[in-house]
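Please read the structure below before turning to the comments.
Lettering of chains follows the sequences in order, A, B, ..., and the numbering in each one begins at 1.
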Amino acid sequence: MPELPECEAARKRIADGALNRTIEGFSLGEVSHVELPSEEDRARFIGTQFTRTRRHGKYIFIGSKDGPWLHIHLGMAGSVRVMENDADLADYIRFTVEFEGGTRLHFRDPRKFGKVTVVEDVDDFIADKGLGPDALEIGDNAFADTIGKTRGAVKSALLSQKKLAGVGNLWADETLYRTGIDPDATANTLEQAKVSEMHANMQSILQAVVDTNATYAKLPDDWLIHHREEGEACSRCDGTIAKKTVGGRTSYYCPEHQAGAS
DNA sequence: TTTACTGTTAGGAC
DNA sequence: TGTCCTAACAGTAA
(Lines give C-alpha, C1' and ligand atoms only; values in the text may rest on other atoms or scores of the structure.)
Protein backbone atom coordinates (compact mmCIF):
# COMPACT_ATOMS: atom_id res chain seq x y z
CA MET A 1 0.00 0.00 0.00
CA PRO A 2 2.69 2.28 -1.07
CA GLU A 3 2.78 6.02 -0.82
CA LEU A 4 5.74 7.98 0.50
CA PRO A 5 5.74 6.58 4.06
CA GLU A 6 5.28 3.01 2.89
CA CYS A 7 8.11 3.46 0.40
CA GLU A 8 10.33 4.96 3.09
CA ALA A 9 9.62 1.95 5.31
CA ALA A 10 10.57 -0.30 2.41
CA ARG A 11 13.76 1.67 1.81
CA LYS A 12 14.73 1.28 5.46
CA ARG A 13 14.11 -2.44 5.34
CA ILE A 14 16.44 -2.67 2.35
CA ALA A 15 19.06 -0.42 3.95
CA ASP A 16 18.98 -2.53 7.12
CA GLY A 17 19.14 -5.93 5.48
CA ALA A 18 20.45 -5.86 1.94
CA LEU A 19 23.53 -3.65 1.88
CA ASN A 20 27.17 -4.72 1.78
CA ARG A 21 26.43 -8.28 0.77
CA THR A 22 27.75 -9.76 -2.43
CA ILE A 23 25.09 -10.34 -5.07
CA GLU A 24 25.16 -13.89 -6.35
CA GLY A 25 22.19 -13.97 -8.64
CA PHE A 26 18.55 -13.23 -9.29
CA SER A 27 15.41 -15.27 -9.65
CA LEU A 28 12.11 -14.47 -11.26
CA GLY A 29 8.60 -15.61 -10.45
CA GLU A 30 5.53 -15.44 -12.65
CA VAL A 31 6.37 -12.23 -14.46
CA SER A 32 4.11 -11.77 -17.47
CA HIS A 33 3.32 -8.06 -17.82
CA VAL A 34 5.84 -7.13 -15.14
CA GLU A 35 8.68 -4.82 -16.14
CA LEU A 36 11.98 -6.14 -14.78
CA PRO A 37 15.67 -5.71 -15.65
CA SER A 38 16.92 -7.66 -18.65
CA GLU A 39 19.27 -10.56 -18.17
CA GLU A 40 22.03 -8.34 -19.49
CA ASP A 41 21.29 -5.65 -16.91
CA ARG A 42 21.03 -8.16 -14.10
CA ALA A 43 24.44 -9.53 -14.99
CA ARG A 44 25.98 -6.13 -14.30
CA PHE A 45 25.23 -6.58 -10.60
CA ILE A 46 26.59 -10.07 -10.12
CA GLY A 47 29.60 -10.05 -7.82
CA THR A 48 28.99 -6.47 -6.68
CA GLN A 49 27.32 -5.14 -3.54
CA PHE A 50 24.64 -2.61 -2.83
CA THR A 51 26.08 0.14 -0.66
CA ARG A 52 23.43 2.88 -0.45
CA THR A 53 19.76 3.63 -0.85
CA ARG A 54 17.74 6.64 -1.87
CA ARG A 55 14.07 7.49 -2.12
CA HIS A 56 12.34 10.29 -3.96
CA GLY A 57 8.58 10.40 -3.56
CA LYS A 58 7.38 6.87 -4.24
CA TYR A 59 10.53 5.82 -6.08
CA ILE A 60 13.13 3.66 -4.33
CA PHE A 61 16.74 3.27 -5.48
CA ILE A 62 19.40 0.82 -4.35
CA GLY A 63 22.90 1.77 -5.40
CA SER A 64 25.58 -0.74 -6.25
CA LYS A 65 29.17 0.11 -5.54
CA ASP A 66 30.49 2.27 -8.38
CA GLY A 67 27.77 0.93 -10.61
CA PRO A 68 24.17 1.41 -11.62
CA TRP A 69 21.16 1.63 -9.35
CA LEU A 70 18.32 -0.80 -9.02
CA HIS A 71 15.11 1.20 -9.10
CA ILE A 72 11.97 -0.21 -7.51
CA HIS A 73 8.49 1.19 -7.88
CA LEU A 74 5.87 -0.59 -5.80
CA GLY A 75 2.89 0.40 -7.92
CA MET A 76 -0.51 -0.18 -6.32
CA ALA A 77 0.20 -3.23 -4.23
CA GLY A 78 3.90 -3.95 -4.24
CA SER A 79 6.15 -4.56 -1.25
CA VAL A 80 9.67 -5.67 -0.49
CA ARG A 81 11.02 -8.11 2.07
CA VAL A 82 14.47 -9.12 3.13
CA MET A 83 14.67 -12.73 4.25
CA GLU A 84 17.42 -14.95 5.53
CA ASN A 85 15.98 -18.01 3.88
CA ASP A 86 12.97 -19.10 1.86
CA ALA A 87 11.24 -20.98 4.66
CA ASP A 88 8.00 -19.07 4.29
CA LEU A 89 8.26 -17.72 0.78
CA ALA A 90 5.13 -15.71 0.06
CA ASP A 91 2.98 -15.77 -3.07
CA TYR A 92 3.34 -13.22 -5.85
CA ILE A 93 7.10 -12.85 -5.55
CA ARG A 94 8.10 -11.44 -8.96
CA PHE A 95 11.77 -10.72 -8.50
CA THR A 96 14.44 -11.80 -6.02
CA VAL A 97 18.01 -10.67 -5.44
CA GLU A 98 20.11 -13.46 -3.98
CA PHE A 99 23.05 -12.56 -1.79
CA GLU A 100 26.00 -14.56 -0.63
CA GLY A 101 25.12 -16.41 2.56
CA GLY A 102 21.46 -16.95 1.71
CA THR A 103 19.96 -13.51 2.33
CA ARG A 104 17.33 -12.61 -0.22
CA LEU A 105 15.60 -9.40 -1.22
CA HIS A 106 12.10 -10.13 -2.52
CA PHE A 107 9.92 -7.87 -4.63
CA ARG A 108 6.31 -8.96 -4.16
CA ASP A 109 3.59 -7.52 -6.36
CA PRO A 110 0.19 -9.25 -6.62
CA ARG A 111 -1.33 -6.73 -9.00
CA LYS A 112 1.71 -6.30 -11.23
CA PHE A 113 1.53 -2.52 -11.34
CA GLY A 114 5.01 -2.19 -9.90
CA LYS A 115 8.31 -2.44 -11.69
CA VAL A 116 12.03 -2.88 -11.20
CA THR A 117 14.44 -1.21 -13.59
CA VAL A 118 18.10 -0.27 -13.79
CA VAL A 119 18.99 3.41 -13.53
CA GLU A 120 22.41 4.91 -14.25
CA ASP A 121 21.92 8.21 -12.42
CA VAL A 122 19.17 8.92 -9.89
CA ASP A 123 19.09 12.69 -10.37
CA ASP A 124 18.80 12.29 -14.12
CA PHE A 125 16.00 9.80 -13.61
CA ILE A 126 14.08 12.23 -11.38
CA ALA A 127 14.60 15.04 -13.88
CA ASP A 128 13.54 12.89 -16.85
CA LYS A 129 10.37 11.86 -15.06
CA GLY A 130 9.66 15.47 -14.22
CA LEU A 131 9.06 14.64 -10.58
CA GLY A 132 8.45 17.51 -8.20
CA PRO A 133 10.24 17.93 -4.87
CA ASP A 134 9.85 15.16 -2.31
CA ALA A 135 6.81 15.87 -0.15
CA LEU A 136 8.78 15.63 3.09
CA GLU A 137 11.40 18.09 1.87
CA ILE A 138 9.46 20.74 -0.01
CA GLY A 139 9.51 24.10 1.76
CA ASP A 140 6.54 26.27 2.56
CA ASN A 141 7.26 28.75 -0.24
CA ALA A 142 7.74 26.15 -2.94
CA PHE A 143 4.56 24.42 -1.78
CA ALA A 144 2.61 27.65 -2.04
CA ASP A 145 4.11 28.31 -5.47
CA THR A 146 3.08 24.99 -6.95
CA ILE A 147 0.07 23.65 -5.08
CA GLY A 148 -1.29 27.07 -4.17
CA LYS A 149 -1.30 28.23 -7.77
CA THR A 150 -3.02 25.25 -9.33
CA ARG A 151 -6.30 26.09 -11.02
CA GLY A 152 -7.86 22.68 -10.48
CA ALA A 153 -9.03 20.76 -7.42
CA VAL A 154 -6.65 20.92 -4.49
CA LYS A 155 -6.67 17.14 -4.09
CA SER A 156 -5.62 16.62 -7.72
CA ALA A 157 -2.75 19.04 -7.13
CA LEU A 158 -1.56 17.07 -4.09
CA LEU A 159 -1.68 13.86 -6.12
CA SER A 160 0.32 15.23 -9.03
CA GLN A 161 3.81 13.73 -8.79
CA LYS A 162 5.09 16.48 -11.07
CA LYS A 163 4.20 19.13 -8.52
CA LEU A 164 4.94 17.13 -5.40
CA ALA A 165 6.41 13.64 -5.21
CA GLY A 166 5.12 11.12 -2.70
CA VAL A 167 1.54 11.93 -1.76
CA GLY A 168 -1.11 9.43 -2.82
CA ASN A 169 -4.82 9.02 -2.30
CA LEU A 170 -4.76 8.06 1.37
CA TRP A 171 -2.49 10.76 2.74
CA ALA A 172 -3.96 13.43 0.49
CA ASP A 173 -7.33 12.72 2.08
CA GLU A 174 -5.76 12.70 5.55
CA THR A 175 -4.09 16.07 4.94
CA LEU A 176 -7.30 17.71 3.70
CA TYR A 177 -9.30 16.17 6.54
CA ARG A 178 -7.00 17.60 9.17
CA THR A 179 -6.73 20.98 7.49
CA GLY A 180 -10.47 21.27 6.92
CA ILE A 181 -10.43 21.68 3.14
CA ASP A 182 -12.90 20.12 0.70
CA PRO A 183 -10.96 17.91 -1.72
CA ASP A 184 -12.87 19.60 -4.54
CA ALA A 185 -11.87 23.10 -3.49
CA THR A 186 -10.05 25.04 -6.18
CA ALA A 187 -6.45 25.24 -5.02
CA ASN A 188 -5.67 28.79 -6.10
CA THR A 189 -8.70 30.19 -4.27
CA LEU A 190 -7.52 28.98 -0.88
CA GLU A 191 -6.23 31.55 1.56
CA GLN A 192 -2.47 31.72 1.87
CA ALA A 193 -2.62 30.80 5.54
CA LYS A 194 -4.71 27.75 4.70
CA VAL A 195 -2.18 26.59 2.10
CA SER A 196 0.60 27.02 4.63
CA GLU A 197 -1.37 25.07 7.22
CA MET A 198 -1.95 22.33 4.66
CA HIS A 199 1.79 22.15 3.99
CA ALA A 200 2.56 21.80 7.71
CA ASN A 201 -0.14 19.18 8.22
CA MET A 202 0.95 17.18 5.20
CA GLN A 203 4.52 16.95 6.44
CA SER A 204 3.51 16.19 10.00
CA ILE A 205 1.20 13.41 8.80
CA LEU A 206 3.80 11.88 6.47
CA GLN A 207 6.50 12.07 9.13
CA ALA A 208 4.25 10.47 11.73
CA VAL A 209 3.46 7.58 9.38
CA VAL A 210 7.15 7.19 8.58
CA ASP A 211 7.88 7.10 12.32
CA THR A 212 5.53 4.15 12.77
CA ASN A 213 7.11 2.37 9.80
CA ALA A 214 3.71 2.71 8.09
CA THR A 215 1.98 0.61 10.74
CA TYR A 216 -1.50 2.11 10.59
CA ALA A 217 -2.68 0.59 13.87
CA LYS A 218 -0.18 2.79 15.69
CA LEU A 219 -1.68 5.99 14.29
CA PRO A 220 -4.03 8.01 16.51
CA ASP A 221 -7.69 7.00 16.57
CA ASP A 222 -8.89 10.36 15.34
CA TRP A 223 -7.12 10.05 11.99
CA LEU A 224 -9.27 9.60 8.90
CA ILE A 225 -7.36 6.40 8.05
CA HIS A 226 -9.40 4.63 10.75
CA HIS A 227 -12.70 6.01 9.50
CA ARG A 228 -12.57 5.65 5.73
CA GLU A 229 -16.15 4.53 5.27
CA GLU A 230 -19.34 6.29 4.33
CA GLY A 231 -21.52 6.97 7.34
CA GLU A 232 -18.75 6.76 9.93
CA ALA A 233 -18.78 9.47 12.54
CA CYS A 234 -16.31 12.28 11.94
CA SER A 235 -13.59 12.28 14.60
CA ARG A 236 -13.05 16.04 14.45
CA CYS A 237 -16.60 17.41 14.59
CA ASP A 238 -20.14 16.02 14.78
CA GLY A 239 -20.34 15.45 11.04
CA THR A 240 -20.51 12.19 9.10
CA ILE A 241 -17.91 10.84 6.68
CA ALA A 242 -18.98 10.97 3.04
CA LYS A 243 -17.42 9.76 -0.19
CA LYS A 244 -17.03 11.34 -3.59
CA THR A 245 -14.82 11.10 -6.63
CA VAL A 246 -12.26 13.84 -7.17
CA GLY A 247 -9.78 13.70 -10.00
CA GLY A 248 -10.88 10.16 -10.72
CA ARG A 249 -10.07 8.88 -7.23
CA THR A 250 -12.29 7.97 -4.34
CA SER A 251 -12.15 10.60 -1.63
CA TYR A 252 -13.39 10.26 1.93
CA TYR A 253 -14.08 13.51 3.73
CA CYS A 254 -16.33 15.24 6.22
CA PRO A 255 -18.63 17.74 4.49
CA GLU A 256 -19.22 19.36 7.87
CA HIS A 257 -15.75 20.64 8.68
CA GLN A 258 -14.02 20.42 5.27
CA ALA A 259 -14.98 23.68 3.64
CA GLY A 260 -15.20 24.23 -0.09
CA ALA A 261 -13.44 27.28 -1.44
CA SER A 262 -14.34 27.07 -5.09
C1' DT B 1 -21.05 -12.22 -10.62
C1' DT B 2 -19.99 -7.45 -9.98
C1' DT B 3 -17.40 -3.75 -8.14
C1' DA B 4 -13.69 -1.23 -6.21
C1' DC B 5 -8.83 -0.50 -5.39
C1' DT B 6 -3.39 3.15 -1.55
C1' DG B 7 -0.26 4.36 -8.76
C1' DT B 8 1.11 5.79 -13.35
C1' DT B 9 0.52 7.38 -17.89
C1' DA B 10 -1.08 7.94 -22.82
C1' DG B 11 -4.34 10.46 -25.23
C1' DG B 12 -7.70 13.87 -25.79
C1' DA B 13 -10.11 18.24 -24.46
C1' DC B 14 -9.76 22.69 -23.33
C1' DT C 1 2.45 25.36 -24.51
C1' DG C 2 0.28 24.04 -20.44
C1' DT C 3 -3.05 21.93 -17.59
C1' DC C 4 -6.46 18.78 -16.48
C1' DC C 5 -9.42 14.60 -16.91
C1' DT C 6 -10.44 9.89 -18.17
C1' DA C 7 -9.52 5.30 -19.22
C1' DA C 8 -6.62 1.53 -19.07
C1' DC C 9 -3.35 -1.40 -17.04
C1' DA C 10 -3.84 -6.90 -13.98
C1' DG C 11 -5.24 -9.24 -10.22
C1' DT C 12 -7.58 -9.98 -6.05
C1' DA C 13 -11.06 -9.59 -2.54
C1' DA C 14 -15.38 -8.22 -0.72
[X] side chain: which of [options] is closest?
| X | options | result |
| --- | --- | --- |
| A:R228 | B:dT6, B:dC5, C:dC5 | B:dT6 |
| A:Y92 | C:dG11, B:dT6, B:dC5 | C:dG11 |
| A:S32 | C:dG11, C:dC5, B:dT8 | C:dG11 |

When all nucleic acid strands are considered with a 4.0 Å heavy-atom cut-off, which category describes [X]: base, sugar-phosphate, or nothing?
| X | answer |
| --- | --- |
| A:K115 | nothing |
| A:K149 | nothing |
| A:R151 | sugar-phosphate |
| A:S160 | nothing |

Please confirm whether the ring centroid of A:F113 lies under 6.0 Å from the ring centroid of A:H73.
no
Check: B:dC5 base within 3.5 Å donor-acceptor of A:R111 side chain
yes
Under 3.5 Å donor-acceptor, A:R104 side chain and A:V82 backbone:
no
A:Q207 side-chain N/O to A:P5 backbone N/O, donor-acceptor pair under 3.5 Å:
no
Looking at C:dT3, I'd like to know if its phosphate oxygens (OP1 or OP2) sit under 4.0 Å from a side-chain N or O belonging to A:T150.
no
Between A:H73 and B:dG7, is there a side-chain N or O to OP1/OP2 distance below 4.0 Å?
no
Please tell me whether A:F45 and A:I62 are part of a single hydrophobic cluster in this structure, the criterion being side-chain heavy atoms less than 4.5 Å apart.
yes
With both distances under 3.5 angstrom, what nucleotide forms a Watson-Crick or G-U wobble pair with B:dT6?
none
Grab the [atom1]-[atom2] distance between [X] and [N] for me, whole Å please.
| X | N | atom1 | atom2 | result |
| --- | --- | --- | --- | --- |
| A:K162 | C:dG2 | NZ | P | 12 Å |
| A:E35 | B:dG7 | CD | C1' | 14 Å |
| A:R249 | C:dC4 | CZ | C1' | 15 Å |

